[in-house]
Number of protein chains: 2
Amino acid sequence: MASQNRAEKMEETRRKLIAAGRKAFADKGFAAASMDELTAQAGLTRGALYHNFGDKRGLMAAVVDQIDTAMATKAQAAGQEAGGGWAGLLAEGAAYIEMALEPEVQRIVLLDGPAVLGDPAQWPSQNRCLQATIETLLALEAEGLIKPVDIEALARLLNGVALNAAVWVAASEDAPATLPKALAAFECLASGVLKTAPPPAGETS
Amino acid sequence: MASQNRAEKMEETRRKLIAAGRKAFADKGFAAASMDELTAQAGLTRGALYHNFGDKRGLMAAVVDQIDTAMATKAQAAGQEAGGGWAGLLAEGAAYIEMALEPEVQRIVLLDGPAVLGDPAQWPSQNRCLQATIETLLALEAEGLIKPVDIEALARLLNGVALNAAVWVAASEDAPATLPKALAAFECLASGVLKTAPPPAGETS
DNA sequence: GAATTGACATACGAAGTGTATGTGGATTAA
DNA sequence: TTAATCCACATACACTTCGTATGTCAATTC
């Protein structure tokens, strides 16, 4: 059984390294994570790492992309589930905020990621997520609901607000108590994009 | 002349080390900055560094505090110069956005700072700045101008929006063209805190 | 002016990254 | 089937860097 060919086996080592990277980077942070330990824990050596990912940053990029892509997908799904439009925008933001409560997300994506890989706005995964927000905003604009402001700028800042809210909640002493405050403040700021007062909750468009 | 006593001399070495730290951390980033080079450039050795700041992070903390304190002071001044109130809040945000165009601020405070020192909201300097925003918001609340939302949450997210806008502008290809878009989007989101439409520009309260 | 303190330099050890080279199993071709 | 080749990964090495432990000399104190 399972007579893996070379390509399949290489895929498996990549998966093992990324998984070990997620754990090590989340537990110790990027700088303190030893590639010797990390690879040994995956049953490999640094040789495998440098062959597959080039260097330590390469593994970090792969790890960040995996987590961030999952986040974008989940947020987009939340937005569509809420029926798009204004409610969808809020749901997207709320989904981001809640996801960033996970320590793995906070440490790898929010703290070390930008320092190691540079501005998140340049990451491919973040661009995907940004695109989703832009589309939601364009739909709202088509309905004439929002103010005449540059859409890309709005989308970027909205995502930024959500991430900031998330970091705050995550760092707070009593996260469950802080979460609703953060969500309310997020909705408050987000409503600034609307020409008129937001519709009551539960309305689709 | 200038017969410095020990305390004065020690202050000078601290200043020299912090200055060299600012330059090295801004140019190469925290991780790539060599303490050997850095101290040599200041005409000292690592001995002085570890005696004065404990370790590499200690120097980073001192550098970040210096820059961040200057930012908070400048932003607060901009807010008061604009006459406080709603205009003051916008001026504070705009000041932040413009300051973060400096590469030194971007690299040290916005990228490496959080990764090395942890959540910026916990830094003493950031707390000072946050306090300023909170006071501005409280004044607006006293006038009955803003929605009933947790003030601290609002202040944190507002500062976050400003920082995000700054990072975006700084990373953009054509910063002068992006800046007005970012400022407009910032005003747009900030206006979400108001119960009613914002007063036209130039009004004091 | 002798003793002591302390600010800083020097020397050392431990760890980690990246690269250059080696190796054994899988693939290909005759 | 078997010999040649390839390549994914392991091993070994060179280099840098941090943090500490120890030394030293000038400034203060008695």
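Each chain gets a letter, A, B and so on, in the order its sequence line appears, and its residues count up from 1.
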Can you list, pair by pair, the side-chain donor-acceptor contacts under 3.5 Å of residues 31-44 of chain A, counting residues two or more places apart and other chains?
from, atom 1, to, atom 2, distance (Å)
A/Ser34, OG, A/Asp36, N, 3.2
A/Ser34, OG, A/Glu37, N, 3.3
A/Asp36, OD1, A/Arg46, NH1, 3.3
A/Asp36, OD2, A/Arg46, NH1, 3.3
A/Glu37, OE1, A/Lys28, NZ, 2.7
A/Thr39, OG1, A/Met35, O, 2.7
A/Thr39, OG1, A/Asp36, O, 3.1

Which donor-acceptor pairs under 3.5 Å do side chains of residues 90-103 of chain B form with protein atoms, sequence neighbours excluded?
from, atom 1, to, atom 2, distance (Å)
B/Glu92, OE1, B/Thr133, OG1, 3.2
B/Glu92, OE2, B/Thr136, OG1, 3.1

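With sequence neighbours left out, A/Glu104 forms a salt bridge (Lys or Arg N to Asp or Glu O under 4.0 Å) with A/Arg22. Here A/Asp55 pairs with nothing under the salt bridge (Lys or Arg N to Asp or Glu O under 4.0 Å) rule; sequence neighbours left out.
Few gaps surround NZ on A/Lys16; more than 12 heavy atoms of other groups in view lie less than 6.0 Å from it.
Distance CG (A/Leu17) to P (D/dA10): 9 Å, rounded to an integer number of Å. Rounded to an integer number of Å, the gap from B/Leu44 CG to C/dT10 C1' is 14 Å. Between A/Leu59 atom CG and C/dG18 atom P there is a gap of 11 Å when expressed in whole angstrom units. Here the P atom of nucleotide C/dT10 and the CG atom of B/Leu49 are 15 Å apart, to the nearest Å. In this structure, B/Met10 atom CE and C/dT5 atom P are separated by 17 Å, rounded to whole Å.
A sub-4.0 Å separation between OP1 or OP2 of D/dC9 and a side-chain N or O of A/Thr13 is present. Contact check, B/Asn52 against C/dA7: no side-chain N or O comes under 4.0 Å of OP1 or OP2.
Annotation: ring pair (Phe, Tyr, Trp, His ring centres under 6.0 Å) contacts involving residues 8-49 of chain A, sequence neighbours excluded, comprise A/Phe25-A/Phe30.
Checking D/dA10, D/dC7, C/dC8 against every side-chain atom of A/His51, the shortest atom distance belongs to D/dC7.
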Per-nucleotide protein contact string for nucleotides 12-22 of chain D, where B marks a base within reach and S marks sugar-phosphate only (heavy atoms under 4.0 Å, - for neither)
B----SBBB--
